Amino acid sequence: MDALAFEIELNLRRHVEAADIWQPHELIPWSDARSFAAMGGEDWAPEQSTLGEVEKLALTVGVLVADNMPSYHREIARNMFIGVWWRWVNRWTAEEFRHAVLLRNYLVTTRAVDPVELERIRMQAMTDGYNHQPMHLIEMLTNCAFEEAASALRHRNTAAFTSDPVVAAICNRIALDDELQSELFADLVAAALKLTPEQTVAAVASRIPQFVVPMVELPGRDAVAELADAGIYDPRREPELVFAPLLRRWNIAERPEFAELLAGVGS
């Protein structure tokens with residue numbers, strides 16, 4: 001951790017400079033909002049939603065995953081708990097919370113989904129929590145690079161799928177943040193490769209066969225299968241769309257020891 005302290009400081013500064021200052025409220029069509037019954041209005045009904053089923057599912061998964069920040073924060077903080085590392089964990093958590101705020105405001109304001117059911121699922125998901133298997137620092141950095149790349153892919157594909165320009169703008173905005181976050185984690189892995197190449201190659205090789213993108217279970221639905229069928233995010237394409245670009249970035253995909261380690265982990 002100490003050996004990478006300069007790199008995290010440098011990359012945090014770069015990240016903050018590159019991440020646009022944007023405001024979640026500016027992407028919400030507030031003119032669509034109206035009160036619910038508790039405030040003298042009308043409660044949600046399915047016919048009020050104008051959003052397609054694929055978009056509703058993708059955005060629901062997105063907000064629930066982003067909402068589970070206490071669990072993800074705890075898991076990452078186990079390895080990054082001092083100094084500038086801690087500042088990055090806090091910054092990352094704040095950025096993810098903005099995504100949750102943006103998505104929930106959109107879904108509730110436009111009455112795209114049942115807000116009561118959404119809240120029930122959120123409460124259950126956050127109560128259940130999320131636990132990573134134990135990882136050392138370089139494994140965690142690698143895993144986070146993969147996770148943010150996967151999240152960006154899901155949001156970019158949702159933006160490309162939808163015919164709603166507001167949904168597209170929201171998803172593309174979140175995807176840009178995810179891509180910048182993935183880049184920071186990837187740069188730290190690249191720095192680790194220079195400092196301790198054997199350990200880093202082994203860490204990357206260990207994470208690929210064990211990688212599972214964060215997902216929240218929805219009652220009575222297989223969200224993973226539905227999003228895969230719609231072309232939003234298919235775990236079967238992770239080797240091509242998530243792992244391969246980062247392996248090329250790290251220039252380790254062709255290293256013989258990497259192939260041997262990957263084969264050994266997967267056996």
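These numbers come from a predicted model, not from an experiment.
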Is [X] salt-bridged to [Y], going by a charged N under 4.0 Å from an acidic O?
X	Y	result
E9	R13	yes
R237	E240	yes
R156	D178	no

message: To the closest 0.5 Å, what do you measure between CD1 (I138) and OG1 (T142)?
response: 7.5 Å

task: Could you grab the distance from atom CD of E117 to atom OG1 of T60, nearest 0.5 Å is fine?
output: 10.0 Å

Go through the side-chain N and O atoms of [X] and [Y] and say whether any donor and acceptor fall under 3.5 Å apart.
X	Y	result
E148	W92	yes
H15	E95	yes
T158	E55	no
E139	N143	no
D177	Q181	no

Residue pair [X] / [Y], side-chain heavy-atom distance below 4.5 Å:
X	Y	value
I8	L184	yes
L247	I252	yes
I28	T110	no

statement: Residue pairs meeting salt bridge (Lys or Arg N to Asp or Glu O under 4.0 Å), one or both in residues 182-192, sequence neighbours left out, come to E183-R249, D187-R249

message: Quick one: does any side-chain atom of W250 pair with a main-chain N or O of A186 as donor and acceptor, under 3.5 Å?
response: yes

Sequence neighbours excluded - ring pair (Phe, Tyr, Trp, His ring centres under 6.0 Å) pairs with any residue from residues 207-236: F146-F211, F211-F243

